[in-house]
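Indexing begins at 1, ligand by ligand and atom by atom, following the structure's order. Everything quoted here is computed from the prediction, not taken from an experiment.
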Amino acid sequence: MGEPLTAQCISPAFEMVGGLAGGAEVLDVACGPGALSVAAAELGARVTAVDVSEDMVARAAQRLARHPSCTATVMDAQVLEFGDATFDAAFSMFGVINLPDWGGALREMVRVTRPGGHGCISSWTDPRTVASVGLLVEAMAEVFPERETIPRPAGVLLAAEPDALREGLEGAGFRDVTVRAVQVVWEVPSVEGFLAELDQFYGFMPPYLGLTADERDRLTPALRAAAYRRAGSDGKLRATTTAHLAAGRV
Ligand SMILES: C[S@@+](CC[C@H](N)C(=O)[O-])C[C@H]1O[C@@H](n2cnc3c(N)ncnc32)[C@H](O)[C@@H]1O
């Protein structure tokens with residue numbers, strides 16, 4: 001569900017670190033199913049993908065299998081099991097910024113990157129507005145206003161402000177930090193198609209998972225209204241969200 005959105009930030013991230021040379025040692029922290037890792041591998045980089053989730057690592061490893069110099073490993077971003085100055089570039093797309101100790105995880109990225117190498121991270125400016133989540137948040141606020149929907153970790157709140165995000169990277173040890181806003185587009189062919197697959201869109205999201213069947217029925221009209229508010233004249237359901245990418249040099 002997430003990758004079609006987060007993958008829209010991969011090319012800008014590569015640009016922000018000055019591109020990836022063939023043979024570059026690249027670390028993808030909190031790699032998820034491995035979109036950035038695969039893109040880097042296809043450019044000839046030697047990729048090490050890490051994530052705390054065994055399932056994510058299994059999927060990333062499966063996709064990286066045809067690139068023999070690339071690996072995927074279960075690892076906590078806050079305690080990277082690599083020596084100092086191991087990588088030419090370290091990325092964490094929508095990853096370390098979510099962690100309670102996001103500053104510590106950033107310092108780990110700096111530690112394992114060689115002097116002169118680069119790091120790049122990303123965050124949604126407001127995760128409550130991302131794609132189908134935005135519709136759920138709006139509908140929940142209308143029907144169940146007392147319930148919490150999407151919590152925003154401290155790092156994500158900070159990253160909404162470009163200057164604060166830049167200072168966060170500088171505080172971790174990155175230099176020459178740049179921040180860029182990237183517009184990410186979510187598109188579904190039709191509103192009715194979306195409404196027919198609500199369990200697929202929301203079945204894994206805690207605020208929706210916690211609803212009874214009766215409560216889901218009460219929510220559906222509000223979701224329908226939120227969806228039609230975003231429908232274009234072509235009938236497609238569209239939402240645009242801004243991500244902040246930040247990159248720096250070690
Ligand atoms: C929003 S996903 C981003 C996935 C991918 N980077 C992308 O852009 O599509 C966040 C990922 O962080 C991982 N994660 C959460 N806590 C972690 C930790 N302490 N160390 C490493 N990965 C972690 C999750 O398993 C999940 O795959």
#### Entry: Exercise: do Thr240 and Gln183 side chains pair donor with acceptor under 3.5 Å
no
### Query
Where is the tightest heavy-atom contact between Ser122 and Phe94, given as atom of each residue plus distance?
OG-N, 2.9 Å
### Task
May I ask you to decide whether Arg180 forms a salt bridge with Glu15, counting only side-chain N to carboxylate O separations under 4.0 Å?
yes
### Query
Is a salt bridge present between Glu142 and Arg224, judged by a nitrogen-to-oxygen distance below 4.0 Å?
no
Check ligand 1 against the protein and report each N/O to N/O distance under 3.5 Å, formatted as atom name, atom name, distance.
| unit_1 | atom_1 | unit_2 | atom_2 | d |
| --- | --- | --- | --- | --- |
| ligand 1 | 6 (N) | Ala30 | O | 2.8 |
| ligand 1 | 6 (N) | Met93 | O | 2.9 |
| ligand 1 | 8 (O) | Thr6 | OG1 | 3.4 |
| ligand 1 | 8 (O) | Met93 | O | 3.2 |
| ligand 1 | 9 (O) | Thr6 | OG1 | 2.7 |
| ligand 1 | 19 (N) | Asp76 | OD1 | 3.0 |
| ligand 1 | 20 (N) | Ala77 | N | 2.9 |
| ligand 1 | 22 (N) | Val52 | N | 3.2 |
| ligand 1 | 25 (O) | Asp51 | OD1 | 2.6 |
| ligand 1 | 27 (O) | Asp51 | OD2 | 2.7 |

### Query
Do you see a donor-acceptor pair shorter than 3.5 Å between the side chains of Tyr202 and Glu197?
no
### Query
What's the shortest heavy-atom distance between Leu5 and Val184, and which atoms?
O-CG1, 3.5 Å
